[in-house]
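Chain A is the first sequence line, chain B the second, and so forth, proteins listed ahead of strands; every chain is numbered from 1.
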2 protein chains.
Amino acid sequence: MTMNATGGRRRPPTIHDVAREAGVSRGTVSRVLNGGHYVSPAAEEAVNAAIRKTGYVVNRHARSLITGRSDSVGFLLTEPQERFFEDPNFNVLLRGCTQALAAHDIPLLLMLAGTPDERRRIMRYITAGHVDGVLLVSSHSGDPVADELRDAGVPLVACGKPIGRASKMSYVAADDRDGARDMVRHLLSLGRRRVGTVTGPLDTPGGVERLAGYREVLAGEGIEVDERLIASGDYSRAGGEAAATRLLAQAPDLDAVFVASDLMAQGVLTALHRAGRRVPQDIAVGGFDDSPAALSARPELTTVRQPWDRISAEMVRVLLAQIGGEDPAAVILPTELVIRGSA
Amino acid sequence: MTMNATGGRRRPPTIHDVAREAGVSRGTVSRVLNGGHYVSPAAEEAVNAAIRKTGYVVNRHARSLITGRSDSVGFLLTEPQERFFEDPNFNVLLRGCTQALAAHDIPLLLMLAGTPDERRRIMRYITAGHVDGVLLVSSHSGDPVADELRDAGVPLVACGKPIGRASKMSYVAADDRDGARDMVRHLLSLGRRRVGTVTGPLDTPGGVERLAGYREVLAGEGIEVDERLIASGDYSRAGGEAAATRLLAQAPDLDAVFVASDLMAQGVLTALHRAGRRVPQDIAVGGFDDSPAALSARPELTTVRQPWDRISAEMVRVLLAQIGGEDPAAVILPTELVIRGSA
DNA sequence: CACGCATCTGTGAGCGTTCACAGTAGAGAA
DNA sequence: TTCTCTACTGTGAACGCTCACAGATGCGTG
């Protein structure tokens, strides 16, 4: 190490410095940097040594200027802020994506578009080419962002099946419907017969699909679906609490509830506790997600695990493929029933 | 709008296109873009109209190439991964910083440096100038990252007072010690006399300062500090549970606990519940943070609120000032006691 | 009238990289 | 030998922007 041991920023070495040090031309250094094709072993070795010696790091701005690529991707949240930081799933997903991208040496830009104003600004930023692609998280069907981005030709992968989209768009999702089926079957296997459900918002894929799974199993068992056993929530704790309260009023003989998210299930537990119902003795409760919330609930939640690590890895894989020119793809991943104390 | 209504990416307009459209030179457009000094009102108006018409967005790569600035900042987490997504505080902080930066149109790059390997890669990335500054979150004193960055001359703001630093470094922190004092005083005011504490890791500022506040109040009240009433945790739920179990064994006459984080307090509640102690009747529990965890606990936690929104806003303000050439600064913000069911 | 000064404008250079192209050398085929 | 082909290397010319500078104009002052 020959360089600046003392503080303060020196002018960093350029590709030119490396070329001089290695006794080759800029072009050769550039070729080594980009895969090393058409470079003699001797030259490659010399360049690598020079890179180590000078501490050279490629200037991404210069590279981006010419390639038109930014070598970064955006992680876009269109939810209103509060949902973001209340929902543990987002964090797991964010972390997974960051790490999967880091393996490709691609930084992740976190973008929050809560208000229409922010949305406009961020759309400009994205469509100006400052990111190569976008990981889009949980947009409601009313959300125009996905369509706008797709129309602008920006590579895009959604988390969760986008509902109501006309044309093809990449997405990665857990098999919501199948997970819901597993849970409802489990509740029935416990001997429960008045199985209710607290759904997610019905303009989200999770809301729709998990409810569909619930209906399917009941129908399959020849049980008529009682609409009084269905209440919709908004994925928040408070929403779950309110929904459970309604459920108890409409159907006091309730003996099990399938709740479409763990966070709502926490609210459900609160409501049941206040109503003096014991869990799981009087009413069995099943959640969805297997988020950290499932473990902090009392009793711990029986739930459906979403494979977040695989979801994030697949989102990144599909996005990079799409940036590389491949066609959009849909990936559906299996869920897993996790049995704990609440059911 | 005259441009590409159809999908697919066209070559985006450049500053040259805007200049031609406005009938001025590149230089004038550039001046308008950068504050509009030394530009006649007529020219400025023409340029703005041309920008609107062409849909021009500045190419940050080209700009960065010459200015040497990236117009982005990094949000660096040096914690091992699990802490990140288990701790609700991080999310609040992350969101706050993202929004505060967005107001300056500066994107935030999320960086996770869990393993030494990742750390090296990210340090290279940062020191190569790909971000203008770094928001550093909660580094243990053993963590060399802060010193390395400072030595490299990278503008830096830490969240929480860095302990054991030789020279000055910017940081923003809640007044941990004062918050702890408030809580312990509150517990004493309830008539409790065997007040224990579960500390954070003692190589973190929060761990050290909150314990110091605890000791101060007891000393001030003339109560001798019983070391059996002190157990250290690691800010995790499990750590809190283990610490509480130790505390109960060492000091069965415990009648209150000040826990240095809400998450640990959840673990403490679990341990107390298992031991058959009622909260708050038998043992009062006070947390710290006022994170979402405080509300999901049963009973809800009496805790010390950290002003996360202000903390994030101040971190961004201080960082931008430092990037602008100002000297490092330390900011300490007041906490607030929040009384709920657990004490 | 000449001069300084402030305000405004255009122009060339250059930031650090990649890309296309034009070379060079050596090996093998005709 | 000569020609072709492959492997490798160097060299301008961009990419889109900012910066320094030079020029132009108008106004007040000596």
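Among C:dT18, C:dT17, D:dC8, the nucleotide with an atom closest to any side-chain atom of A:Ser30 is C:dT18. When each of C:dT17, C:dT18, C:dT9 is scored by its nearest atom to the side-chain atoms of A:Ala62, the top-ranked nucleotide is C:dT17. Considering only side-chain atoms of A:Arg26, the nucleotide from C:dT18, D:dT18, D:dG10 that sits closest is C:dT18. Checking D:dC17, D:dT9, D:dA14 against the side-chain heavy atoms of B:Thr14 singles out D:dC17 as nearest. Side-chain atoms of B:Tyr38 lie closest to C:dC8 of the nucleotides D:dG16, C:dC8, D:dC8. Out of C:dC15, C:dC8, D:dC17, the shortest distance to the side chain of B:Leu65 is found at C:dC15. Which of D:dC8, C:dC8, D:dG16 sits closest to the side chain of B:Ser40 comes down to C:dC8.
Contact annotation: A:Tyr56 side-chain N/O to C:dT17 OP1/OP2 distance is under 4.0 Å. Proximity of A:Thr67 to the phosphate of C:dC19: no side-chain N or O atom is located under 4.0 Å from OP1 or OP2. Under 4.0 angstrom from either OP1 or OP2 of C:dG16 there lies at least one side-chain N or O belonging to A:Arg11. Under 4.0 angstrom from either OP1 or OP2 of D:dT18 there lies at least one side-chain N or O belonging to B:Asn34. The phosphate of D:dC15 (OP1 or OP2) has no side-chain N or O of A:Ser64 nearer than 4.0 angstrom.
For the atom pair CG of B:Leu94 and CG of A:Leu112, the computed distance is 7.5 Å after rounding to the nearest 0.5 Å.
Note: NE2 (A:His37) to P (C:dT18) measures 14 Å, nearest angstrom. Following rounding to the nearest Å, B:Ile15 (CD1) and C:dG14 (P) show an atom-to-atom distance of 19 Å.
Ring geometry for A:Tyr125 against A:His130 counts as tilted: the plane angle lies between 30° and 60°, on a 0 to 90° scale.
Contact check on B:Glu314 versus B:Arg317 returns a salt bridge, with a Lys/Arg side-chain nitrogen under 4.0 Å from an Asp/Glu carboxylate oxygen.
Each end of the helix from C:dC1-D:dG30 to C:dA30-D:dT1 gets its own axis from five base pairs, and the two axes differ in direction by 60°, given to 10 degrees.
No N or O donor and acceptor, one from the side chain of B:Arg60 and one from the base of D:dG16, sit under 3.5 Å apart.
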